Amino acid sequence: AAGDISAVEKNIAERRFVAENGVGTLSLNPVRNLKYHFVVTAAFITRLSIGSGLPAEQAFRLSDFYIRRADIQETVEGVENLHDEMVLDFTRRVQELRCRAGQSHAIRVAIDYIYRHLADNITLKQLSEITELSEGYLSRQFHKELGRTITAYINERRLERSRTMLLYSDESIQKIAVENGFTSHSRFTEYFKKEYGVTPKEFRKTRKASNQDAPAIDLYPL
């Protein structure tokens, strides 16, 4: 179902997208064949996401972005990896929408503030003041509604934006770290490797190479 991260990750682990019994032959060229199926998947997940509440303009824009990236892939592995990234991206967005739909006004205020100040030193005191809730109550309510601490949520958003900047900008890793609120290059590297399994430098080297012609867009609009 849309927004079900676990189900998507299970399909990815089983490599369902490239399974012989699940992919028909639309072209004798294996890479082109997978690209055709990629477009079909993109159209399906776009409609599904819109039906689950993702704004149509955003969904179609995201679909176009991934299809353009698929077009420049030269290997089956490249198309498969991009497919996995696409379905997870759509799924996370739908999941986020569903989470926000059940959020209280104060928590939405806190989240909006976090998005606008990722480069700054966001403190519990600041969030407490803008939400007009005590620090203790805000912390408990945030965890209750989002299932994670405020600190964990802030780090997730910072890492997501850092990842996008590594892929689609030429900013130095040091500058990306600073612009996303990490106090040092080493701390940024530590958090990034823990989340993605590679250092920022390794990630940029291995992933950006296949996206040289992809347009620079904000994948996480505020």
Side-chain angles (χ1 to χ4, degrees), residues 5 55 58 61-62 65-66 68-69 72 81-82 84-86 88-93 95-97 99-100 103 106-133 135-136 138-139 141-143 145-222:
I5 292 288
Q58 183 181 351
R61 183 168 177 257
L62 196 63
F65 168 75
Y66 277 109
R68 288 197 299 269
R69 287 178 62 192
I72 64 174
N81 289 339
L82 186 61
D84 297 346
E85 181 181 335
M86 176 182 68
L88 280 171
D89 192 359
F90 270 99
T91 305
R92 288 191 180 106
R93 289 168 187 269
Q95 185 185 64
E96 180 78 8
L97 276 174
C99 287
R100 296 196 67 162
Q103 288 166 9
I107 298 304
R108 290 198 299 272
V109 169
I111 288 174
D112 289 340
Y113 182 89
I114 288 170
Y115 269 107
R116 293 195 304 271
H117 296 83
L118 287 176
D120 304 328
N121 177 32
I122 305 170
T123 66
L124 180 58
K125 181 180 180 180
Q126 290 170 333
L127 295 175
S128 173
E129 290 174 350
I130 65 168
T131 59
E132 299 181 346
L133 299 176
E135 295 182 12
L138 173 61
S139 295
Q141 194 64 22
F142 196 98
H143 192 278
E145 294 188 23
L146 278 83
R148 49 203 181 278
T149 65
I150 293 174
T151 299
Y153 184 86
I154 292 172
N155 285 333
E156 286 175 9
R157 301 289 79 76
R158 284 173 169 165
L159 287 170
E160 283 178 351
R161 194 169 75 173
S162 298
R163 179 178 178 278
T164 300
M165 292 177 70
L166 286 167
L167 280 172
Y168 308 112
S169 82
D170 294 321
E171 300 284 3
S172 69
I173 293 176
Q174 177 65 42
K175 187 172 183 180
I176 289 174
V178 171
E179 290 186 358
N180 286 286
F182 293 97
T183 55
S184 68
H185 181 285
S186 60
R187 193 164 183 81
F188 173 46
T189 298
E190 175 188 348
Y191 276 96
F192 194 93
K193 187 171 184 178
K194 183 178 180 181
E195 179 69 18
Y196 299 114
V198 293
T199 66
K201 183 177 181 180
E202 291 168 340
F203 178 82
R204 170 174 268 177
K205 182 179 179 181
T206 57
R207 300 303 297 277
K208 193 173 182 180
S210 63
N211 296 289
Q212 290 299 318
D213 299 325
I217 67 173
D218 181 7
L219 293 184
Y220 299 95
L222 300 183

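One is the number of the first residue; the rest follow in order along the sequence. This one's a predicted model, so the numbers in the text were calculated from it and none came from an experiment. The figures that follow rest on heavy atoms only: side chains count, while hydrogens, waters and symmetry mates do not.
Under 4.0 Å is where a charged nitrogen must lie from a carboxylate oxygen, and between E160 and R163 no such pair does. Taking the charged nitrogens against the carboxylate oxygens, R69 and E85 do have a contact shorter than 4.0 Å, which makes a salt bridge.
With sequence neighbours excluded, no residue forms a side-chain hydrogen bond (donor to acceptor under 3.5 Å, both in side chains) with N81. In this structure, E129 has no side-chain hydrogen bond (donor to acceptor under 3.5 Å, both in side chains) partners at least two apart in sequence or on a different chain. R187 meets the salt bridge (charged side-chain N to carboxylate O under 4.0 Å, His left out) test with no other residue; sequence neighbours excluded.
Between the side chain of H143 and the main chain of S139, no donor-acceptor pair closer than 3.5 Å is present. The backbone N or O of L146 lies less than 3.5 Å from a partner atom in the side chain of R148, making a donor-acceptor pair. At least one donor-acceptor pair closer than 3.5 Å links the side chain of R161 to the backbone N or O of E179. With hydrogens and angles ignored, the 3.5 Å screen pairs no side-chain donor or acceptor of S128 with any backbone N or O of L124.
Rounding to the nearest 0.5 Å gives a distance of 6.5 Å between CG of L118 and CG of N180. With rounding to the nearest 0.5 Å, the separation of CZ in F203 from OG1 in T189 is 13.5 Å. Interatomic distance, T206 OG1 to K201 NZ, rounded to the nearest 0.5 Å: 12.5 Å. Atom CD of E171 and atom CZ of R204 lie 8.5 Å apart (nearest 0.5 Å). To the nearest 0.5 Å, atom CD1 of residue I150 and atom OG1 of residue T123 are 10.0 Å apart. The line from CD of E156 to CZ of R92 is 9.5 Å long, rounded to the nearest 0.5 Å.
Shortest non-hydrogen contact noted between S184 and A177 is O-CB, 4.4 Å. In plain terms, the two heavy atoms of A110 and I130 that are nearest each other are CA-CD1, 4.5 Å.
You'll find the side chain of F182 stays beyond 4.5 Å of the side chain of I176, heavy atoms only. Under the 4.5 Å side-chain criterion, counting only non-hydrogen atoms from C-beta, I107 is in contact with L138. Counting heavy atoms from C-beta on, the side chains of R93 and L62 come closer than 4.5 Å. Looking only at side-chain heavy atoms (C-beta outward), L127 and L133 stay at 4.5 Å or farther from each other. Looking only at side-chain heavy atoms (C-beta outward), Y66 and D89 come within less than 4.5 Å of each other. Within the 4.5 Å cutoff, the side chain of T199 has no heavy atoms near those of the F192 side chain. Between Y113 and Q126 there is a side-chain heavy-atom pair separated by less than 4.5 Å.
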Run the side-chain contact (heavy atoms from CB on, under 4.5 Å) test on Y196 and L159 for me, step by step, so that the C-alpha distance in whole Å, both residues' side-chain angles and the decisive distance to 0.1 Å come before the verdict. CA-CA 9 Å; Y196 299 114; L159 287 170; 4.2 Å; yes

Report the C-alpha distance between F90 and M86 in whole Å, list the side-chain angles of each, state the deciding distance to 0.1 Å, and finish with yes or no for side-chain contact (heavy atoms from CB on, under 4.5 Å). CA-CA 6 Å; F90 270 99; M86 176 182 68; 3.8 Å; yes

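In this structure, R157 satisfies the cation-pi test against Y153, with its NZ or CZ atom closer than 6.0 Å to the six-membered ring centre and inside 45 degrees of the ring normal.
Between T149 and T151, the side chains place no donor N or O within less than 3.5 Å of an acceptor N or O (distance only, hydrogens not considered).
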